[in-house]
Number of protein chains: 2
Amino acid sequence: MPSSTVENYLKNILIVSLETKSSVVSMGKIAQGLSVTPGTATTMIKNMAADGWISYFPRKGVRLTRKGRKFAMSMLRRHRLLETFLVETLGLDWSEIHVEAEELEHAISEKVLEKLDEFLGRPRTDPHGHPIPTKGGHIYRANSKTLFLCKAGMKVRIDSIIDQESDFLRFARSKKLIPGNEVTILSHEKEADAIILQIGSDNPFSLGSRSSEKILVSL
Amino acid sequence: MPSSTVENYLKNILIVSLETKSSVVSMGKIAQGLSVTPGTATTMIKNMAADGWISYFPRKGVRLTRKGRKFAMSMLRRHRLLETFLVETLGLDWSEIHVEAEELEHAISEKVLEKLDEFLGRPRTDPHGHPIPTKGGHIYRANSKTLFLCKAGMKVRIDSIIDQESDFLRFARSKKLIPGNEVTILSHEKEADAIILQIGSDNPFSLGSRSSEKILVSL
DNA sequence: ATTCAAATTTTGATTAGTCAAAGTATATGT
DNA sequence: ACATATACTTTGACTAATCAAAATTTGAAT
């Protein structure tokens, strides 16, 4: 069994490789994602490679092995099921669940997780709209695009919010930028780096690229 | 904030001092309770004393400081609320919850615990019948005796089961030795080291001192 | 081709928690 | 009062994870 530190490295590598759609993840991304110095990441990664969690390509980066990917998926499953539980059952706020789940995911056993999944009615997505991997380690890939890529006139549905920062999540909710909601793009001016959009009959508002890239949509 | 190791030491010291009703706990008990070598306990205890969790009396033992006791109580609260949740909400078996709670108690925050307490309807006791400390660190002291001290003819109610071993708990349940149930002592022969008892109209059965000391009763 | 900045690796040191084994104190029985 | 078993402490060593700072590699720009 991996230590919680190894669990964190694995989950992080998986998330980055899903986000960037490339199976090889650079050392820089890893060090940054785990908030450790580059040297720490290097030593850790070498140990993990020795234990068969990843393949290590010096000065290139890292790729999850089959075993590593499977475990990383199970971490993601834990995390997202726990987030769902914290919101749905205990009524915690959308913006505070990430940190809580980050701790609990290392402590919950497969057995308890299975019961929790059952209790929650086997949800497909977490409160941020992210798909929850199955027990077998399979993840549903929505073909979402970021809101930033949408053209004026389009009407799309929000799939998920990528950012886990409480501040952004609070802002998102206040604007009704919530999974499931429909958004109309009123205009998208590249030069101004601004998308103007409207949800329902609320007042239109604008988002820059930084923010609109954090929102995945489809349709 | 203490590390999970320190949390474990604190909880253990509290439990032993509640069980033995003496505020000073010996190094031997600590080492045994935490399954570490005596030397490890000594070094750990010295660090904890330096951090103000306990008072250390060399070659005598250890006493929780006010701060240590408060924290230890909060650990006990976490543990017992989690056990309750695992049985009541998720439907895990009585005999398997101890180990699970032991992991989760280090990961759950005060905020989540508070929500959980509310969700469970602020239970007073855990599934083993042990009182759950309040948020303020106060614990309800039942004036229970061990079943071993009961005389023939007495009719008592089971308050709690002390042992956390799955094997014993499975046995206890099979005999209906469960908190709340009424027990009639048919005979208690000191020399034979055997109590014969009956629950409801079930077949009478006997317990030795080892087992009957693990069951707390009152009335 | 050469230089330089950025990314990565190496090196040496630190901390928390642990063990084994050797050393020391204490209490208990004769 | 003394011997000795038992409980406890000390010592030296080890592992996992980390950092700071120095050294190295790579790739891009001049």
Side-chain angles (χ1 to χ4, degrees), chain A residues 1-13 16-17 19-20 22-64 67-68 71-72 75 102-103 105-107, chain B residues 1-13 16-17 19-20 22-64 67-68 71-72 75 102-103 105-107:
Chain A
M1 280 295 93
S3 67
S4 352
T5 308
V6 169
E7 291 184 342
N8 279 333
Y9 276 73
L10 287 173
K11 190 185 68 168
N12 226 274
I13 293 166
V16 173
S17 86
E19 265 174 13
T20 62
S22 89
S23 62
V24 173
V25 175
S26 72
M27 299 308 281
K29 283 257 166 67
I30 294 171
Q32 199 194 327
L34 288 146
S35 308
V36 295
T37 59
T40 302
T42 301
T43 27
M44 199 62 206
I45 284 303
K46 285 206 227 166
N47 294 332
M48 289 174 63
D51 291 343
W53 297 114
I54 51 181
S55 314
Y56 170 45
F57 311 104
R59 300 210 116 95
K60 290 272 149 48
V62 138
R63 186 192 349 245
L64 291 170
K67 162 180 158 184
F71 200 95
M75 289 310 297
E102 200 105 80
E103 292 298 318
E105 67 195 14
H106 303 293
Chain B
M1 283 293 93
S3 66
S4 350
T5 309
V6 169
E7 290 184 342
N8 279 333
Y9 276 73
L10 288 173
K11 190 185 67 168
N12 226 276
I13 294 165
V16 173
S17 87
E19 266 175 11
T20 62
S22 89
S23 61
V24 172
V25 175
S26 72
M27 298 307 282
K29 284 258 167 67
I30 293 171
Q32 201 195 325
L34 288 146
S35 309
V36 293
T37 60
T40 301
T42 301
T43 26
M44 199 63 207
I45 284 301
K46 285 208 227 165
N47 294 332
M48 287 173 63
D51 292 342
W53 297 112
I54 51 180
S55 313
Y56 171 46
F57 310 105
R59 302 209 116 94
K60 290 272 148 47
V62 138
R63 187 194 344 251
L64 291 170
K67 162 181 157 184
F71 200 94
M75 289 310 297
E102 201 105 77
E103 292 297 319
E105 67 195 14
H106 303 294

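Residue numbers start from 1 in every chain, and the chains themselves are labelled A, B, ... in the order their sequence lines are given, proteins ahead of strands. Computed from a prediction, not measured in an experiment: that's the story for all the values here.
- A side-chain donor-acceptor contact under 3.5 Å links B:Lys67 to the backbone of B:Asp51.
- In this entry the distance linking CE of A:Met48 with P of C:dT9 reads 14 Å, nearest Å.
- Rounded to whole Å, atom C1' of C:dG17 lies 14 Å from atom CG of B:Asp51.
- Atom CD in A:Gln32 sits about 10 Å away from atom P in C:dA7, given to the nearest Å.
- Counting heavy atoms from C-beta outward, A:His106 and A:Lys11 have side chains that stay 4.5 Å or more apart.
- Checking side-chain atoms of B:Ser3 against main-chain N and O of B:Val6 turns up a donor-acceptor pair under 3.5 Å.
- Going from atom CD1 of B:Ile45 over to atom C1' of D:dT9 covers 13 Å, rounded to whole Å.
- In this model, the phosphate group of C:dT9 is approached by a side-chain N or O of A:Tyr56 to a distance below 4.0 Å at OP1 or OP2.
- For A:Thr37, the side-chain atoms get nearest to D:dA20 when compared with the rest of D:dT9, C:dA20, D:dA20.
- Taking every side-chain heavy atom of A:Pro58 into account, C:dT9 is the closest of C:dT18, D:dC8, C:dT9.
- Note: CG (A:Asn8) to C1' (D:dT18) measures 14 Å, nearest angstrom.
- The residue B:Lys46 sits close only to the backbone: its heavy atoms come under 4.0 Å of sugar-phosphate atoms, none of a base.
- The distance from atom CG of A:Leu34 to atom C1' of D:dT18 is 12 Å, rounded to the nearest whole Å.
- Here A:Gly28 lies in heavy-atom contact (under 4.0 Å) with sugar-phosphate atoms only.
- When side chains are defined from C-beta on, B:Arg59 does not count as touching B:Met27, because their heavy atoms never get closer than 4.5 Å.
- Not a single donor-acceptor pair, N or O on each side, falls under 3.5 Å between the base of C:dT26 and the side chain of B:Arg59.
- The nucleotide whose nearest atom lies closest to any side-chain atom of A:Tyr9 is, among C:dT8, D:dT18, C:dT9, D:dT18.
- Summary of the strand contacts: A:Lys60 and A:Ser3 both lie near DNA chain D, and taking for each the nucleotide with the nearest heavy atom, the more 5' one is attributed to A:Ser3.
- A 6.0 Å sphere centred on CD of A:Gln32 holds no more than 12 heavy atoms belonging to other residues, nucleotides or ligands.
- To the nearest angstrom, C1' of D:dT15 lies 12 Å from CE of A:Met44.
- Look at A:Thr40 and you won't find any side-chain N or O under 4.0 angstrom from OP1 or OP2 of D:dT18.
- You'll find that the side chain of B:Met27 is closest to D:dC8, out of D:dC8, C:dC19, C:dT8.
- For B:Thr5 and C:dG17, the shortest distance from a side-chain N or O to OP1 or OP2 is below 4.0 Å.
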